[in-house]
Chemist: 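Sharing a structure, written as structure tokens. Questions coming.
Here is how names work: the chains are called A, B, and so on, in the same order as the sequence lines, proteins then strands, and each is numbered from 1.
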Protein chains: 2
Amino acid sequence: MPGENATIYDIASDAGVSIATVSRVLRGEQNVSAATKEKVQRAIEKRNYRPSSNARGLTSNTTHSLGIVLPKLLNPHYAMIFTGAQEEAARQGYTISLFPWNSLDTRAYDPATMLAERRLDGIIVCVEYLPADRGEQVLASLQNLRRVMPVVLIGCVPPWYDFPAVSNNNAAIMKDIVAYLVSLGHEKIAFIGGIREDNDPMRREIGYREGLREARLPYTDSYRVYGKGTPEAGIAALSTIFDTLKPEYWPTAVIAMNDLMAMGCQTEARRRGIAMPEQLSLIGCDDLFCAPYLYPALTSINSHQQRTGARAVQLLISGENKQETGDWELVERASCARIK
Amino acid sequence: MPGENATIYDIASDAGVSIATVSRVLRGEQNVSAATKEKVQRAIEKRNYRPSSNARGLTSNTTHSLGIVLPKLLNPHYAMIFTGAQEEAARQGYTISLFPWNSLDTRAYDPATMLAERRLDGIIVCVEYLPADRGEQVLASLQNLRRVMPVVLIGCVPPWYDFPAVSNNNAAIMKDIVAYLVSLGHEKIAFIGGIREDNDPMRREIGYREGLREARLPYTDSYRVYGKGTPEAGIAALSTIFDTLKPEYWPTAVIAMNDLMAMGCQTEARRRGIAMPEQLSLIGCDDLFCAPYLYPALTSINSHQQRTGARAVQLLISGENKQETGDWELVERASCARIK
DNA sequence: GATTAAAATGTAAGCGCTTACATTCCGAAG
DNA sequence: CTTCGGAATGTAAGCGCTTACATTTTAATC
């Protein structure tokens, strides 16, 4: 109704008090008599008044909005992280906005700019797949950013940076997977990783190798292939394995570093007439929503990405400088089978 | 190095001019001599100064941030819309933040509150699946919202509301699909819709029926099933069809209102030993990223959701009160086949 | 009833910008 | 060398809050 927005002055005059008093009840301060508080609150109700976030921010130098930098939302893995972060932010009265990785390059709209304009109170950066060639550079610039605003990372970071972060225990996950496959009788286990020098992917490879070692299985370079995390990359990777190896060395199980690549593997296996899981077991990682509906339904690792996003927000807001590791579980479906 | 953020005063004194002049070069006004502009710009560079968005917003009553209300991001359909919107917003120097539908209910964090706090310059609301029972109510409250801030809708709206909106031509899409299936020789075509009274789904059903009519095929209630758009709903829907119908009436083709339901259909068909596409053709809608990797690869409708999101942002920012309809294309894959 | 400390409230000075208006500067015209 | 008008620049008043500090009430104590 009131065409224009009411200000604190309107409320003050309506309630017959000073703006300071209104401000006090607004922020729930103690020293306000019950009667006054009543009057003010009624006035607020009546005008449907909300304090201007701009004015508030001007004094507090705050915006109640956060940023999160992710590679791309179209990958459901990131959509999960984002959703978790968004929900937690909302719960705490914050707004969160997305910055695709590439926005880091466009000056007009990079987080650093947002920060400098004080449009952001803090930022979460997902560095899981931080490309190695730019890795150091990016981390260094984040370190800079950090001098001016809170930064929380998602993903693993070299220990000499002490960013607050929440990450996966990549190595442990991989060891878990290898152990699972071994328990099903597999001995020829291939690994399709992300780009080797990438951040988390590297640790996954380490875990894979450790897993093999613990199972007293030999490690072979030719069982280790790389791709950039897309279904197409999965197709290429599986092709490489089956094209370069002699049939007697063909793996009986493949670990894909994420479900996207696993999807590609399924498609390619189908094309080649490789029966799954009879001739080839496959396990992915991320437990995407579509995993149960693939053929065969994909066994995967659920690492609670929403929770990861939520934790990152909590760390960001609370300012704790902790490094946390999420837990995970293996979700058994039809794509892995005991070897005959 | 500059521990604290520079203000316009710092720049002014550095450059030896008044803050008004700094403000002028900041906003690219004309009446500034080249020399002065130079000096000021150098000072800005040196201090890496950025104007505070809060202070700016306080005077202009603006935030350069938008909101978008979507059911849930975990559905890639919405992730696409969001991505398109986000990218366009970024391009125009805006920030956009997500509000899940349910946030409309929690007073502390609903768009209306954001609006009232002037934390948003405008909002996009996706009403594709607006539930009928709350539909009128929601639209009415949006109408209210609109008196205070720009609102753009995504999805179809009863014509008597004149919201700016971008939507799909649902009926035409469905007619297209039916025609396609008919061209493959199908005559028994079932339709798995969204909840009947939902906004866009209703129009889809209309299109389905029109498509049948144009092909001179009879319409049967028992070929029309509903679900709420999830894979599980797809499973249930297909079960219903095949459980309630006598085998001689089993459809040879099924139209699923979205790919999510189609995924469920595939799973259920598999469980029942119905060969796809030999015994049953299936077509979805949305063309999710996983469609090509399903089994069989899913034929679907690509309706350029990213573009939809982007257009919505453009309408919002430009303030045009237009209603637009996106185009689409049918993406042929393996899940539909000519009938034998 | 006077005294006094605590509680309640008010006053006013910013926060960092934009902008209407006032002032100064400059070169062209007289 | 004036005079004048527009261009360049400066001054100051907000925008709607928060908050330190000042003032007024209130109620408890003697």
Chemist: Just to verify, what does B:Asp200 make a salt bridge (Lys or Arg N to Asp or Glu O under 4.0 Å) with, not counting sequence neighbours?
Modeler: none
Chemist: With sequence neighbours excluded, give me every side chain to side chain donor-acceptor pair (under 3.5 Å) pair touching residues 148-159 of chain A.
Modeler: none
Chemist: State whether a side-chain donor-acceptor pair under 3.5 Å links B:Glu45 with B:Gln41.
Modeler: no
Chemist: Would you tabulate the nitrogen or oxygen pairs shorter than 3.5 Å linking the protein to nucleotides 19-22 of chain D?
Modeler:
residue : atom : partner : partner atom : Å
D:dT19  : OP2  : A:Arg27 : NH1          : 3.2

Chemist: Which residues pass the salt bridge (Lys or Arg N to Asp or Glu O under 4.0 Å) test with B:Lys72, not counting sequence neighbours?
Modeler: none
Chemist: Using heavy atoms and a sub-4.0 Å distance, could you list which residues of residues 34-42 of chain A are near DNA chain D? By number, please.
Modeler: none
Chemist: Examine C:dG10: is either OP1 or OP2 under 4.0 Å from a nitrogen or oxygen in the side chain of A:Thr21? Give yes or no.
Modeler: yes
Chemist: Ring pair (Phe, Tyr, Trp, His ring centres under 6.0 Å): which pairs involve residues 16-47 of chain B, sequence neighbours left out?
Modeler: none
Chemist: Taking salt bridge (Lys or Arg N to Asp or Glu O under 4.0 Å) as the test, write out the residues that go with B:Glu324, two or more places apart.
Modeler: B:Arg311, B:Lys322
Chemist: Ignoring backbone atoms, test whether A:Ser33 places a side-chain nitrogen or oxygen under 4.0 Å from the OP1 or OP2 oxygen of C:dT9.
Modeler: yes
Chemist: Report the distance from atom CG of B:Asn61 to atom C1' of C:dG16, rounded to the nearest whole Å.
Modeler: 16 Å
Chemist: Partners of B:Tyr78 by ring pair (Phe, Tyr, Trp, His ring centres under 6.0 Å), sequence neighbours excluded?
Modeler: none
Chemist: According to ring pair (Phe, Tyr, Trp, His ring centres under 6.0 Å), who are the partners of A:His64, at least two apart in sequence or on a separate chain?
Modeler: A:Tyr94
Chemist: Toward the 5' end of DNA chain D, which comes first, B:Leu58 or B:Val17, by nearest nucleotide?
Modeler: B:Val17
Chemist: Should A:Ser18 be listed as having a side-chain N or O under 4.0 Å from OP1 or OP2 of C:dG10?
Modeler: yes
Chemist: Report the end-to-end axis angle of the helix from C:dG1-D:dC30 to C:dG30-D:dC1; each axis comes from five terminal pairs, and the value is rounded to 10°.
Modeler: 50°
Chemist: Separation of B:Tyr9 atom OH from C:dC15 atom P, in whole Å?
Modeler: 8 Å
Chemist: Applying side-chain hydrogen bond (donor to acceptor under 3.5 Å, both in side chains), name anything that partners A:Ser318, two or more places apart in sequence or on another chain.
Modeler: A:Glu320
Chemist: May I have the distance from B:Asn54 (atom CG) to D:dC15 (atom C1'), rounded to whole angstrom?
Modeler: 12 Å
Chemist: Could you tell me the separation between the CG atom of B:Asn31 and the C1' atom of C:dA22, rounded to a whole number of Å?
Modeler: 15 Å
Chemist: Could you name each residue pair satisfying salt bridge (Lys or Arg N to Asp or Glu O under 4.0 Å) that touches residues 15-27 of chain A, not counting sequence neighbours?
Modeler: A:Arg24-A:Glu29, A:Arg27-A:Glu29
Chemist: Could you state the CD-P distance from B:Gln30 to D:dG6, rounded to the nearest angstrom?
Modeler: 17 Å
Chemist: Taking atom P of D:dT18 as reference, at what distance in whole Å does atom CD1 of A:Ile11 sit?
Modeler: 13 Å
